[in-house]
Amino acid sequence: MVNENGAESPVLARVRELVQPIASDLGLDVYDVEQRGGVLRVALDTPPDSGGGITLDTLALASRLVSRELDHHDPVPGRYTLEVTSPGVERSLRTPDHFRREVGKVVAIRLSDVVHDDRRVTGTLVAADDRAATVRVDGPDGPVERTVPYPQIDRARTVFEWGPAAKTKRKENT
């Protein structure tokens, strides 16, 4: 988990360090490492410019390799269940790197400590740096850009937009 200063715990940083070479050898990025309760979740993804997603076969191979590496080095105290996964189409945005990776996509952000009407921001992520994310939202007079500092964000995720269904040509019976 990333703390309020933006740093990972030493255990998760060590897990990331062990997983990184495996991901790299498979042509993947380590998207996230988190531990909640007894589950250690390692999210792997294809590089942002690859244009494709991660396959189940690649995830299965990564899972076996990561499990073997973690068993060998034992960086996590106590018992846990390892889950190697992709971040999915609607992915959590928890770090500045996550936001930078998703520039150009639609995001939904829930803010902390804001009056009720202004608590949710949904729009296109147009910029992200180490301090804040900028989202283009629809305003009363047209699109406006709203910059949100990361400490004000309670939760954020990408929003998958379903496109129109592909039309298939039916074969007529003769």
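Arg100 and Asp130 are joined by a salt bridge, as a carboxylate oxygen and a charged side-chain nitrogen come within less than 4.0 angstrom of each other. We find that Arg91 and Asp45 are joined by a salt bridge, their nearest charged nitrogen and carboxylate oxygen being less than 4.0 Å apart.
Taking hydrophobic clusters as Ile, Leu, Val, Met, Phe, Trp and Tyr residues chained together by side-chain heavy-atom distances below 4.5 Å, Val11 shares a cluster with Tyr80. Hydrophobic clustering of Ile, Leu, Val, Met, Phe, Trp and Tyr side chains at less than 4.5 Å, counting indirect connections, unites Leu18 with Val66. Cluster membership check: Val39 does not share its hydrophobic cluster with Leu12, using side-chain heavy-atom separations under 4.5 Å among Ile, Leu, Val, Met, Phe, Trp and Tyr. Cluster annotation: Val126 and Val107 are assigned to distinct hydrophobic clusters (Ile/Leu/Val/Met/Phe/Trp/Tyr, side-chain heavy-atom contacts under 4.5 Å, transitive). Each of Val159 and Val148 belongs to its own hydrophobic cluster when Ile, Leu, Val, Met, Phe, Trp and Tyr are linked at side-chain heavy-atom distances under 4.5 angstrom.
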(request) For side chain to side chain donor-acceptor pair (under 3.5 Å), just list the numbers for His98 and Glu102, CA-CA rounded to whole Å, side-chain angles, deciding distance to a tenth of an Å, and then say yes or no. (result) CA-CA 7 Å; His98 290 167; Glu102 304 302 334; over 6 Å; no
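Residue pairs meeting the ring pair (Phe, Tyr, Trp, His ring centres under 6.0 Å) criterion with at least one member in residues 119-149, sequence neighbours excluded, do not occur.
Two residues are said to be in side-chain contact when any heavy atoms from C-beta on lie closer than 4.5 Å; Arg16 and Asp32 meet this criterion.
The salt bridge (Lys or Arg N to Asp or Glu O under 4.0 Å) check on Arg110 picks up Asp154, with sequence neighbours excluded.
Without hydrogens or angle criteria, Arg136 side chain to Val144 main chain gives no donor-acceptor distance under 3.5 Å.
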